[in-house]
Amino acid sequence: MKFRSASAVAVLAAASLTLAACGGDSDSGSGDKVKIGIKFDQPGLGFKDGSKYTGFDVAVAKYVAGKMGYKENQIEWVQSPSKQRESMLKAGTVKMIFATYSITDKRKKEVAFAGPYFVAGQSVLVRADSNINDVTGLKGKKVCSVTGSTSVDNLKKEQPNLVPQEYDTYSACASALKDGVIDAMTTDDTILAGYANQTAYKGKFKLVGNTFSTEKYGVGLKQGDTDTCKKVNTAIQEMVKDGSWEKALKDNLGADYKFNAENNPPKAFEAC
Ligand code: GLU
């Protein structure tokens with residue numbers, strides 16, 4: 001057995017003091033982890049592939065966390081399904097959420113937002129052989145969307161007599177669409193494009209019609225976390241300026257996805 005020298009013990013003690021000083025809820029790295037909420041089942045946006053996390057939301061989250069002093073291995077990714085996002089932020093289960101999370105006045109009553117870092121729009125996905133051409137063609141059809149999303153609310157506005165088939169995840173909608181259990185699914189064009197491009201569904205689906213909503217993707221935060229809000233807004237602006245934002249979009253959503261160039265990159269940010 002070896003004995004530690006007195007000086008080694010002193011060094012260790014000093015090191016743990018330094019760690020303690022940097023601990024608590026300081027967000028400037030130094031061994032702390034940060035919990036970030038994302039989707040796990042939305043290819044191109046937030047996707048868990050074994051132990052890897054990919055997608056545009058993930059890329060923006062990594063960039064922002066990096067500017068806040070966190071290395072990639074200090075990020076703990078937590079799955080944040082649509083209907084759980086507000087409660088996860090309120091409970092402090094995660095510090096930030098990057099999960100195709102639209103900024104809305106209703107949500108702002110419960111949580112805060114930084115950003116937006118992207119503006120999407122709602123669209124319709126059908127099987128490749130479908131004769132549905134846009135949202136007006138959904139009348140009397142079985143249409144899937146996700147509980148707790150703006151997509152369900154927007155669909156009800158567009159088709160007041162239709163009762164949406166509400167699932168917990170968009171991946172469940174996509175698989176039901178493939179199997180013929182439903183006639184169409186509706187949500188943000190980004191999400192729909194992601195499934196249409198996924199190997200399992202290649203050639204099986206088509207996106208139809210124009211977008212019929214404006215979905216500003218914000219970074220969800222606990223109400224009152226103005227410090228993080230300001231840091232996130234600054235980081236997003238840097239990401240756009242240095243070209244990483246555009247690269248992340250192209251790398252993750254593919255060359256085929258045409259984003260609304262009038263709304264993107266976003267210029268007006270949430271006041272923190
Ligand atoms: N962006 C919409 C929302 O935040 C739909 C996508 C989603 O559910 O994540 O509700």
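What you see is a predicted model; the values in this text were computed from it and never measured. Ligands are counted one by one from 1 in listed order, and the atoms in each one are counted from 1 as well.
Side-chain contact between Tyr195 and Gln42 is present, with heavy atoms from C-beta onward closer than 4.5 Å. You'll find the side chain of Val152 stays beyond 4.5 Å of the side chain of Val146, heavy atoms only. Side-chain atoms of Thr147 and Tyr167, non-hydrogen and from C-beta on, never get closer than 4.5 Å to each other.
Looking only at atom types and distance, the side chain of Tyr101 has no donor-acceptor partner in the side chain of Ser80 under 3.5 Å away.
Pocket lining of ligand 1, defined as residues with a non-hydrogen atom under 4.0 Å away: Lys39, Ser82, Arg85, Ala99, Thr100, Tyr101, Ser102, Arg107, Ser149, Thr150, Ser151, Tyr170, Thr187, Asp188, Ile191, Glu215, Tyr217.
Between Lys109 and Asp105, none of the side-chain N atoms (NZ, or NE/NH1/NH2) sits under 4.0 Å from a carboxylate O, so this pair counts as no salt bridge.
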Name each donor-acceptor pair under 3.5 Å that joins a side chain in residues 48-60 to protein atoms two or more places apart or in another chain, with its distance.
{"from": "Lys48", "atom 1": "NZ", "to": "Gly50", "atom 2": "O", "distance (Å)": "2.7"}
{"from": "Asp57", "atom 1": "OD1", "to": "Tyr117", "atom 2": "OH", "distance (Å)": "2.7"}
{"from": "Asp57", "atom 1": "OD2", "to": "Thr100", "atom 2": "N", "distance (Å)": "2.9"}

